[in-house]
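For the single chain, residues carry numbers from 1 onward in sequence order. No experiment lies behind these values; they were computed from the predicted model shown.
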Amino acid sequence: MKRWLTFMLVMGLLAVSGGLADVSAQVDSGPTWGGRIAYFNTTAEDAPLNVVYYDADGNPYAQDGDSLPLVPPYGSGTFLVNSTLPESGGAAVLEAPLGVLAVYEQVATGEDVKYGQPMYSGMEAQEAGGLLFVPYFVYQYSELYYKTPITLSATLGVQNVTDAPVDVRVLENGVELAAATIPPQSSRHFDGADLGLAAGTRTALVVEGPDASILGAVVVEQESDGRRAFAYEAQGPARASQSLTMSRLTCSTLTRRLRSRYYVQASEDTTVDVLFYTNGGSKINPSKPLNFTGLAVGAGQSLEIDPCLDSRLAGKTGSVVVTSSGAALTGVGMVRDRYGVGTTFAAQVTPAPAPSYRYALPYVVWGKTSTLPRTYISMLNLGAAKANIEVRYYRADGSLGNKKNPTLRYKGVPLHAVRSTTPSSAYVLRSGAFAGAVEVISDQPLLVTARVQRAVTKVPGTTRVAEDYDAFYLP
């Protein structure tokens, strides 16, 4: 039985010029942006791969099956998407057996690759719905970040995963901003200008289409004097819940000033309560002047949660739990610092009770030097009891990363507590480097997130770029 993982090829960024364009486009002195897919075969059988590319009219025009390897059990790897991508719209669909997972990464392929590389998890056609929630969307939106002004703009990609044209509407507060007919298997992108938004807008959007027809992703780029670029998956009802957990709570008081913000969108009018926990699992009680309970959120709107406004959270790291009084919620979190880091990740819903819980990270790397990508993995216990966690690193050929100690064990991890691992701490490096994938198994549900970051040199105001992506849950 095959699975189809969808990647919207609508996220070509031009960070130097400040515009948003299509994959592989190049303007002025900006980089050439291409797409890279990282895959992981989580099964004990060999897995063939094929990628079919669709143009803006929904016509398949190329495929990569003949050039892609047969993936061994627990094997992984990366490949650049087809170099002849269309100039408008388009999508790639990865065809593979069940158990093959993948993430999409936008990469700068020119001489200057010192840019953030947006990443998001591949989405299965079975996840498609008739509604998409977009908790965070900006257009020429400026904000001060520790006295440094930055300007951000976003692009929304919507894909039709059916074999017939579909009509979609993009709404803000229930008002239609734009409408489009998307051909079969193709996609349409919307930026702030397409939606008629005024410069300086930060808002939430809802996309409507026929049932089981659409998926979406959002990319955000720093327009002015910066290298930040980050992405997240738009979320349908299947990823909505009355309670959401988001990791990466960071309110650093150190020089870098890492800082988290969260945006929660409601399906209907509701109120929400917000709780904060340290990485050790202890609850953090906010100061009384800042009330994080009974916060009102209108239907289709999003609420900004800035925990770092509270002095009691200064210097803390941990997680956030947001609970609604009734309506379903979706959300995104983000982390930034003053020297170039900008990451975004989707809120996660706790899986249904099960005897065990299995997660997979298809893209885990460790470069020989800090200027090459390095992956930092966090595992947050979402369960009702202490968690016992096992972690296995696999090399690209499917062999275990550390044959003498193949399984890392974390026993008795408290509720809301976080444990971390890297290829370096797991002793899986060869010649100072690692490339492969990771499997995580637990007796309690987890929130597993990977941060891929690298140092940047000789770029004024930027010393590091990074992006987060969430692990796949394998029920």
Side-chain angles (χ1 to χ4, degrees), residues 129-143 152-158 168-180 190-209 211 214-218 220 232-246 249 260-276 286 289-310 320-334 344-350:
L131 280 177
L132 292 176
F133 297 99
V134 181
Y136 179 85
F137 192 89
V138 288
Y139 179 54
Q140 295 180 5
Y141 179 70
S142 296
E143 60 183 40
L152 302 168
S153 283
T155 294
L156 164 67
V158 180
V168 300
R169 304 165 65 220
V170 182
L171 310 175
E172 178 191 37
N173 296 328
V175 178
E176 181 179 300
L177 300 181
F190 304 89
D191 60 22
D194 297 326
L195 300 176
L197 297 176
T201 295
R202 175 178 64 79
T203 189
L205 304 173
V206 175
V207 184
E208 292 182 348
D211 289 344
I214 54 174
L215 294 168
V218 178
V220 184
Y232 70 93
E233 310 94 72
Q235 297 155 75
R239 296 197 185 190
S241 174
Q242 283 186 252
S243 182
L244 298 176
T245 300
M246 291 178 277
L249 169 62
S260 305
R261 287 180 186 167
Y262 303 92
Y263 297 86
V264 175
Q265 187 173 11
S267 60
E268 304 290 343
D269 291 347
T270 191
T271 59
V272 300
D273 296 336
V274 186
L275 298 176
F276 304 102
L290 289 173
N291 183 12
F292 286 99
T293 62
L295 304 175
V297 189
Q301 298 178 359
S302 67
L303 172 72
E304 181 183 64
I305 301 168
D306 188 348
C308 302
L309 293 175
D310 193 323
V320 175
V321 178
V322 185
T323 304
S324 163
S325 60
L329 303 175
T330 55
V332 297
M334 55 188 62
T344 300
F345 46 92
Q348 297 298 301
V349 175
T350 302

At their closest point, which heavy atom of [X] faces which heavy atom of [Y], and how far apart are they?
| X | Y | result |
| --- | --- | --- |
| Tyr139 | Ala198 | CD2-O, 3.7 Å |
| Ser243 | Thr323 | OG-OG1, 3.6 Å |
| Asp273 | Thr293 | OD1-CA, 3.3 Å |
| Met246 | Ala347 | CG-CB, 3.4 Å |
| Ala234 | Val134 | CB-CG2, 4.2 Å |
| Val349 | Arg239 | CG2-O, 3.3 Å |

Is the CD atom of Glu268 crowded by more than 12 outside heavy atoms at less than 6.0 Å?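 At most 12 heavy atoms, drawn from other residues, nucleotides or ligands, come within 6.0 Å of this atom.
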Keeping the roles fixed (side chain from [X], backbone from [Y]), state whether a donor-acceptor pair exists under 3.5 Å.
| X | Y | value |
| --- | --- | --- |
| Ser153 | Gln140 | yes |
| Ser267 | Ala328 | yes |
| Ser302 | Tyr263 | no |
| Gln348 | Ala346 | yes |

Going through the distances and angles, do Glu172 and Leu197 end up as a side chain to side chain contact (heavy atoms under 4.5 Å, CB included)? CA-CA 10 Å; Glu172 178 191 37; Leu197 297 176; 4.1 Å; yes
Side chain to side chain contact (heavy atoms under 4.5 Å, CB included) evaluation trace for Val322 with Ile305: CA-CA 10 Å; Val322 185; Ile305 301 168; 3.9 Å; yes
Nearest-0.5 Å distance, [atom1] of residue [X] to [atom2] of residue [Y]:
| X | Y | atom1 | atom2 | result |
| --- | --- | --- | --- | --- |
| Leu152 | Ser142 | CG | OG | 8.0 Å |
| Glu233 | Leu215 | CD | CG | 10.0 Å |
| Leu171 | Leu177 | CG | CG | 7.0 Å |

Would Leu249 and Tyr262 count as a side chain to side chain contact (heavy atoms under 4.5 Å, CB included) here? Give the steps. CA-CA 9 Å; Leu249 169 62; Tyr262 303 92; 3.5 Å; yes
Could you give all pairs that pass the salt bridge (Lys or Arg N to Asp or Glu O under 4.0 Å) test and reach residues 198-208, with sequence neighbours left out?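 Pairs touching residues 198-208 that pass the test: Arg169-Glu208.
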What verdict does the side chain to side chain contact (heavy atoms under 4.5 Å, CB included) test give for Leu132 and Val168, after you've listed the backbone C-alpha separation in whole Å, the side-chain angles of each residue and the deciding distance to 0.1 Å? CA-CA 10 Å; Leu132 292 176; Val168 300; over 6 Å; no
Here's a test for you: under side-chain contact (heavy atoms from CB on, under 4.5 Å), which of Asp310, Val272, Leu275 qualifies with Phe292?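 Exactly one candidate clears the test, Asp310.
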With sequence neighbours excluded, tell me which residues meet side chain to side chain donor-acceptor pair (under 3.5 Å) with Ser324.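 In terms of side chain to side chain donor-acceptor pair (under 3.5 Å), with neighbours along the sequence ignored, Ser324 is linked to Thr270.
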What residues form a salt bridge (Lys or Arg N to Asp or Glu O under 4.0 Å) with Asp194, not counting sequence neighbours?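 Here no residue qualifies.
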Can you confirm if the aromatic rings of Tyr232 and Tyr136 lie within a centre distance of less than 6.0 Å?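 No - the distance between ring centres of Tyr136 and Tyr232 does not fall below the 6.0 Å cut-off.
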Please name the residue in the list Asn173, Thr203, Asp269 that meets the side chain to side chain donor-acceptor pair (under 3.5 Å) test with Gln301.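 So, applying the side chain to side chain donor-acceptor pair (under 3.5 Å) to Gln301 and each of Asn173, Thr203, Asp269, only Asn173 qualifies.
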Can you check whether Leu195 reaches Leu156 side chain to side chain, under 4.5 Å on heavy atoms?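 SC-SC contact between Leu195 and Leu156 ruled out.
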